[in-house]
Amino acid sequence: MCRVVAQETAEGFPLLPELDPISLSDQSTDSFYSEPEPLSGALAVSAHYGRKDYLISHLQFGKESWLLRAALKAEKGYHPNFQLRYHDALVLGSFRPQWAHGLVSGKNPNHPSLDNPPHPASYSPLGAGLNLRYKDWGVLSYLSQQDRAVKLDGDLIATLPKSKQSYLGNVTEKLGSFGIYRELQTLGWGAQFYHQSYDRAFDDEALDSTLTLASLYARLSGNYNTLMLEYAQGKKGGAMKAEWDIQSGEFHGKFSYSRLGKYQIPAYAAKPLLLSSQDQRSEIRVDMQYRLGSHFSIRAGTTGNYRRGDLGDPQWLAHNNLGMQYRDPNAHLEMILYTVDREILIPVDSTYVDSRPTHFRVLISGKYQINPCWSTEISARYQHQEKHMALSSGSSWAQRVVYRKKRLQIKTGFTIISSANYKLYLPSDDDTGYEIYGKSMVESNLQLSYKFRVLDVSLSYRGDVMDIDNFRCKIDLGKRF
């Protein structure tokens with residue numbers, strides 16, 4: 001099937017999915033649009049029944065220089081999107097502009113682009129875009145106008161959700177951007193002008209309903225090093241991000257520094273800081289990986305976020321991670337340890353009292369190929385956090401046995417979940433990329449898949465063994481052509 005389940009690793013699964021769940025659903029959509037190449041197209045339909053009832057479908061079809069992409073989610077209403085591309089130069093419909101580090105639009109440090117649509121239940125610019133290239137020069141420009149559902153406080157915008165949901169209020173959003181760039185083998189630079197407006201004011205006086213920004217980026221690449229800097233300036237303040245990427249032999253390192261002044265983040269910009277959504281903060285991030293021979297690798301990273309503005313914000317925020325991985329043709333084993341400052345989770349859980357309580361997570365995943373037909377998979381997680389006068393912890397253990405032969409695949413197993421006053425966000429094959437578990441349970445699962453000549457079919461079931469009404473069934477249909 002044309003689906004990729006988000007993996008809870010340091011690379012594939014965000015450290016704190018609670019704070020950025022939209023990115024997980026967009027990852028699953030990206031995997032569908034990238035998988036069919038170089039085939040002319042693909043169609044996938046998934047129907048879910050049980051805990052949540054909905055249907056989601058994706059289509060990609062290309063002919064000569066044209067490419068059509070479309071998706072639909074039906075759940076308490078219909079949420080469609082579509083995109084028509086010509087030579088990657090002209091884009092009509094839904095798209096995601098990508099520019100440098102993403103201070104103004106989405107992130108693409110390689111070169112500016114107009115990417116595929118997001119998950120059909122996520123908002124993105126809707127209109128027309130151009131990405132014209134001549135030799136090493138390029139021009140990227142787009143216009144967008146659409147109505148968005150919002151939460152209102154009287155006649156003012158209280159919240160501008162990223163996902164399409166039913167709210168009582170609506171606003172008209174208008175976006176426009178023009179950028180010019182040059183990309184050589186060792187040098188790249190670009191300049192962009194951006195404007196956005198809404199027909200209502202925000203209830204937060206720090207946010208303007210009309211926003212104009214200008215940004216510059218520069219990139220310098222060598223055999224082993226890449227340096228990149230982006231700076232964006234608005235009416236009230238600016239933002240910058242610098243990154244150094246080094247790869248030499250078995251070592252790979254990435255070092256970055258970000259700084260936000262009184263900077264209003266545009267509607268579809270990437271998250272500029274990993275650990276905070278507040279402005280007037282600085283962040284330093286280090287991530288290093290080293291391969292030990294042909295099978296082992298270790299990875300370590302740290303991120304520190306420092307307050308530069310409001311004294312009511314936490315002064316320091318930090319997280320650290322350490323991971324080890326073993327991989328050979330028949331086996332894969334990985335363990336990751338995270339330590340997290342509890343304040344980072346304020347947007348989803350404001351009940352903490354201690355200023356520096358302990359919070360850590362341990363993740364283990366593995367796979368072993370017993371023989372050409374049989375394999376087994378495991379994934380485990382333990383999460384611990386302290387609060388004032390309280391302890392919240394949670395754990396999960398998942399075991400799978402997989403049988404594959406020619407066109408047939410059978411996967412079965414169980415998941416044991418223990419949750420003490422804490423909701424666990426665990427990766428799943430749901431269209432959002434994750435599922436929330438708030439109570440202790442034992443869940444059984446079974447998946448049957450078969451690739452017919454004209455169609456790929458998959459049937460799956462997951463259910464609580466102690467509660468027959470707590471289940472989920474799914475059927476996936478896929479066709480490549």
Side-chain angles (χ1 to χ4, degrees), residues 1-6 22-49 52-98 106 108 113-131 142 144 146 162-165 268 407 409 428-433 447 449-460 473-481:
M1 309 311 310
C2 298
R3 294 277 305 158
V4 173
V5 178
I22 298 297
S23 65
L24 296 181
S25 58
D26 289 344
Q27 286 175 20
S28 65
T29 299
D30 292 342
S31 69
F32 170 82
Y33 288 130
S34 63
E35 188 175 340
E37 297 177 354
L39 302 179
S40 60
L43 171 68
V45 179
S46 296
H48 298 247
Y49 174 74
K52 293 192 296 182
D53 301 338
Y54 66 92
L55 182 143
I56 186 167
S57 60
H58 292 84
L59 169 68
Q60 176 164 283
F61 177 74
K63 187 173 181 61
E64 296 178 352
S65 301
W66 293 90
L67 181 63
L68 173 66
R69 291 166 168 162
L72 171 70
K73 182 174 182 180
E75 182 186 22
K76 299 179 181 179
Y78 296 94
H79 306 297
N81 66 24
F82 80 95
Q83 181 186 94
L84 183 64
R85 306 177 70 92
Y86 178 73
H87 270 308
D88 282 339
L90 172 65
V91 178
L92 302 174
S94 299
F95 55 87
R96 289 181 295 167
Q98 313 284 316
N108 186 344
S113 64
L114 296 172
D115 211 345
N116 57 263
H119 186 278
S122 298
Y123 281 109
S124 69
L126 177 65
L130 291 173
N131 189 12
Y142 59 89
S144 168
Q146 63 181 321
K162 294 182 179 180
S163 58
K164 300 174 183 176
Q165 301 182 35
Y268 301 104
R407 298 173 178 268
Q409 175 180 287
S428 78
D429 59 353
D430 191 79
D431 75 299
T432 59
Q447 182 185 59
S449 303
Y450 193 84
K451 295 178 183 263
F452 295 95
R453 292 185 181 274
V454 296
L455 194 67
D456 296 348
V457 179
S458 176
L459 304 172
S460 62
C473 294
K474 183 173 74 133
I475 178 170
D476 291 314
L477 304 176
K479 170 67 176 176
R480 303 181 188 182
F481 44 87

Quiz item: How close do Gln146 and Ser124 get, heavy atom to heavy atom, and via which atoms?
Solution: NE2-O, 2.8 Å
Exercise. Walk me through it: do Asp476 and Val457 pass the test side chain to side chain contact (heavy atoms under 4.5 Å, CB included)?
Key: CA-CA 6 Å; Asp476 291 314; Val457 179; over 6 Å; no
Quiz item: Nearest 0.5 Å, what's the CG-CG distance between Asp30 and Asn116?
Solution: 4.5 Å
Exercise. Can you measure from CD1 (Ile475) to CG (Leu459) and round to the nearest 0.5 angstrom?
Key: 5.0 Å
Practice problem: To the nearest 0.5 angstrom, please state how far the CZ atom of Phe481 sits from the CD atom of Gln60. | Solution: 9.0 Å
Quiz item: Measuring from Glu75:CD to Leu55:CG, what's the distance to the nearest 0.5 Å?
Solution: 10.5 Å
Exercise. Rounded to the nearest 0.5 Å, what's the gap from NZ on Lys73 to NE2 on His119? Could you check?
Key: 4.5 Å
Quiz item: So how far is it from Tyr268 OH to Arg96 CZ, rounded to the nearest 0.5 Å?
Solution: 12.0 Å
Self-check item: CA sep, side-chain torsions, deciding dist, call: Ile56, Leu72, side chain to side chain contact (heavy atoms under 4.5 Å, CB included)
Solution: CA-CA 6 Å; Ile56 186 167; Leu72 171 70; over 6 Å; no
Practice problem: Would you check if Pro118 and Asn81 make a side-chain contact, meaning some heavy-atom pair closer than 4.5 Å? | Solution: yes
Quiz prompt | Backbone of Pro120 reached by a side-chain donor or acceptor of Lys164 within 3.5 Å | solution = yes
Quiz item: Side chain of Arg85, backbone of Leu114: donor and acceptor closer than 3.5 Å?
Solution: yes
Exercise. Would you check if the side chain of Gln83 reaches a backbone N or O of Leu67 as a donor-acceptor pair within less than 3.5 Å?
Key: no
Practice problem: Salt-bridge test for Lys162 and Asp26: reply yes if a basic N is under 4.0 Å from a carboxylate O, no otherwise. | Solution: no
Quiz prompt | Where Val454 and Lys479 come nearest, the two heavy atoms and their spacing | solution = O-CD, 2.9 Å
Quiz item: So, Ser113 and Asp115: side-chain donor and acceptor under 3.5 Å apart, yes or no?
Solution: no
Quiz item: Does the His87 side chain pair with the main chain of Ala89, one donor and one acceptor, at a distance under 3.5 Å?
Solution: no
Quiz item: After noting the C-alpha distance and the side-chain angles of Asp88 and Asn131, does the key distance pass the side chain to side chain contact (heavy atoms under 4.5 Å, CB included) rule?
Solution: CA-CA 7 Å; Asp88 282 339; Asn131 189 12; over 6 Å; no
Quiz item: What is the minimum heavy-atom distance between Leu455 and Gly478, and which atoms define it?
Solution: CD1-O, 3.3 Å
Exercise. Go through the steps to decide whether Gln409 and Gln447 satisfy the test side chain to side chain contact (heavy atoms under 4.5 Å, CB included), and finish with yes or no.
Key: CA-CA 8 Å; Gln409 175 180 287; Gln447 182 185 59; 3.6 Å; yes
Practice problem: Please name the pair of heavy atoms, one in Thr29 and one in Pro117, separated by the smallest distance, quoted to 0.1 Å. | Solution: CG2-O, 3.8 Å
Quiz item: Which of parallel (below 30°), tilted (30 to 60°) and perpendicular (above 60°) describes Trp66 and Tyr86?
Solution: tilted
Quiz item: Is the Phe32 ring parallel, tilted or perpendicular to the His58 ring (thresholds 30°, 60°)?
Solution: tilted
Practice problem: Taking Tyr142 for its side chain and Phe95 for its backbone only, find out whether a donor-acceptor pair lies under 3.5 Å. | Solution: no
Quiz item: When you look at OH of Tyr49, are more than 12 heavy atoms from neighbouring residues, nucleotides or ligands closer to it than 6.0 Å?
Solution: no
